[in-house]
Student: 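Structure below; questions to follow.
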Amino acid sequence: MSFSGKYQLESQENFEPFMKAIGLPDELIQKGKDIKSVSEIEENGDDFKVTVTTGSKVLVNSFTLGKEAELETLTGEKVKSVVRREGNKLKVSLKGIDSVTELVDANTIVNTMTVGGIVYKRTSKRIN
């Protein structure tokens with residue numbers, strides 16, 4: 001299955017505790033908690049481009065599986081890391097945050113980010 005497509009956030013768990021744990025200011029947490037972000041994933045062989053639009057904030061990361069890439073974190077910091085694919089999952093660690101994006105079925109992706117025992121889970125559904 002291909003990750004390619006556009007997905008809209010349907011539900012999330014532990015947004016506020018996770019964002020506090022990674023140091024996001026309360027003002028941004030309150031602003032972002034009810035926004036249904038849209039993730040667009042372009043997959044071309046081992047090359048990926050992921051664009052996440054949350055209100056007016058756009059986060060774009062491009063990477064090749066298994067190769068070091070500079071990735072932007074949720075706090076806007078740029079970190080070098082390697083994204084790996086295991087079956088229908090993309091895995092990466094960024095500054096102590098373990099991120100797993102799983103293609104659950106043809107229309108659903110679940111992104112789980114863990115930091116210090118706090119698990120932030122986002123479920124998004126395909127919109128095209």
Student: Look up atom NZ in K125 and atom OG1 in T108, then write down how far apart they are to the nearest 0.5 Å.
Tutor: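 The OG1 atom of T108 is 3.0 Å from NZ of K125, to the nearest 0.5 Å.
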Student: Could you walk me through whether L94 and V79 pass the side chain to side chain contact (heavy atoms under 4.5 Å, CB included) check?
Tutor: CA-CA 7 Å; L94 298 171; V79 179; 4.2 Å; yes
Student: Counting C-beta onward and ignoring hydrogens, is there a side-chain heavy-atom pair between E43 and S4 closer than 4.5 Å?
Tutor: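 Answer yes - side chains close enough.
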Student: Going from CG on N111 to CD on E102, what distance comes out if it is rounded to the nearest 0.5 angstrom?
Tutor: 10.5 Å
Student: Hey, does V50 have a side-chain heavy atom less than 4.5 Å from the side chain of F63?
Tutor: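 Answer yes - side chains close enough.
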Student: Which pair of heavy atoms, one from Y7 and one from S2, lies closest together, and at what distance?
Tutor: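 The pair with the smallest heavy-atom distance is OH-O, 4.3 Å.
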Student: Would you say the side chain of L28 lies within less than 4.5 Å of the side chain of Q30, judging by non-hydrogen atoms?
Tutor: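 Result no, sub-4.5 Å side-chain heavy-atom pair not found.
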Student: When rounded to the nearest 0.5 angstrom, what is the spacing between CE in M1 and CG in N88?
Tutor: 5.5 Å
Student: Could you please spell out the steps behind the salt bridge (Lys or Arg N to Asp or Glu O under 4.0 Å) verdict for K78 and E72?
Tutor: CA-CA 4 Å; K78 294 202 183 307; E72 189 175 341; 3.4 Å; yes
Student: Using side-chain heavy atoms (C-beta onward) and a distance below 4.5 Å, is K95 in contact with E77?
Tutor: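 The answer is yes, as the side chains (C-beta and beyond) meet within the 4.5 Å cut-off.
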Student: Please confirm whether the backbone N or O of E86 pairs with a side-chain atom of R84, one donor and one acceptor, at under 3.5 Å?
Tutor: no
Student: Hey, any chance F3 and V100 share a hydrophobic cluster, counting ILVMFWY side chains that come within less than 4.5 Å of each other, even indirectly?
Tutor: no
Student: Is there side-chain contact between M113 and L74, with heavy atoms separated by less than 4.5 Å?
Tutor: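 Yes, at least one pair of side-chain atoms sits under 4.5 Å.
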Student: Would a 4.5 Å heavy-atom cut-off, applied to side chains only, mark V58 and T51 as touching?
Tutor: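 Answer yes - side chains close enough.
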Student: Would K49 and S62 count as a side-chain hydrogen bond (donor to acceptor under 3.5 Å, both in side chains) here? Give the steps.
Tutor: CA-CA 4 Å; K49 180 179 178 188; S62 297; 5.7 Å; no
Student: Using the side chain to side chain contact (heavy atoms under 4.5 Å, CB included) rule, take L24 and T75 through it: C-alpha gap first, then chi angles, then the decisive distance, then the call.
Tutor: CA-CA 6 Å; L24 214 62; T75 57; 4.1 Å; yes
Student: Once rounded to the nearest 0.5 Å, what's the spacing between atom CD of E16 and atom CD1 of I29?
Tutor: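 E16 CD to I29 CD1: 6.5 Å, rounded to 0.5 Å.
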Student: A side-chain contact here means heavy atoms from C-beta on lying under 4.5 Å apart; do V115 and F18 qualify?
Tutor: yes
Student: To the nearest 0.5 Å, tell me how far L90 CG sits from I109 CD1.
Tutor: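 The CD1 atom of I109 is 9.0 Å from CG of L90, to the nearest 0.5 Å.
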Student: Starting from the C-alpha separation in whole Å, work towards a yes-or-no answer on side-chain hydrogen bond (donor to acceptor under 3.5 Å, both in side chains) for Q12 and Y120.
Tutor: CA-CA 7 Å; Q12 57 186 359; Y120 169 41; 2.7 Å; yes
Student: I'd like to check V38 versus L9 (side-chain heavy atoms, cut-off strictly below 4.5 Å). Are they in contact?
Tutor: no
Student: Checking N44 side chain against D47 main chain: does a donor-acceptor pair fall under 3.5 Å?
Tutor: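 Flag not set: sc N44 to bb D47 has no pair under 3.5 Å.
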Student: Let me see the working for S93 and D98 under side-chain hydrogen bond (donor to acceptor under 3.5 Å, both in side chains), right down to the final yes or no.
Tutor: CA-CA 4 Å; S93 289; D98 290 322; 2.5 Å; yes
Student: If we ignore hydrogens and angles and just use 3.5 Å, is the side chain of N14 paired with the main-chain N or O of V119 as donor and acceptor?
Tutor: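 Confirmed, N14 side chain pairs with V119 backbone.
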Student: Determine whether V82 and L71 fall in the same hydrophobic cluster, where Ile, Leu, Val, Met, Phe, Trp and Tyr are linked whenever their side-chain heavy atoms lie under 4.5 Å apart.
Tutor: no
Student: Would I97 and T73 count as a side chain to side chain contact (heavy atoms under 4.5 Å, CB included) here? Give the steps.
Tutor: CA-CA 9 Å; I97 300 170; T73 68; 5.6 Å; no
Student: Let me check something: do V110 and I41 share a hydrophobic cluster, defined by ILVMFWY side-chain heavy atoms less than 4.5 Å apart, either directly or through other members?
Tutor: no
Student: What's the spacing between I118 CD1 and E13 CD if we round to 0.5 Å?
Tutor: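 Result: 14.0 Å between the selected atoms.
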Student: Do you see a donor-acceptor pair shorter than 3.5 Å between the side chains of K121 and T112?
Tutor: no
Student: Under 3.5 Å, is there a donor-acceptor pair between the S37 and R122 side chains?
Tutor: yes
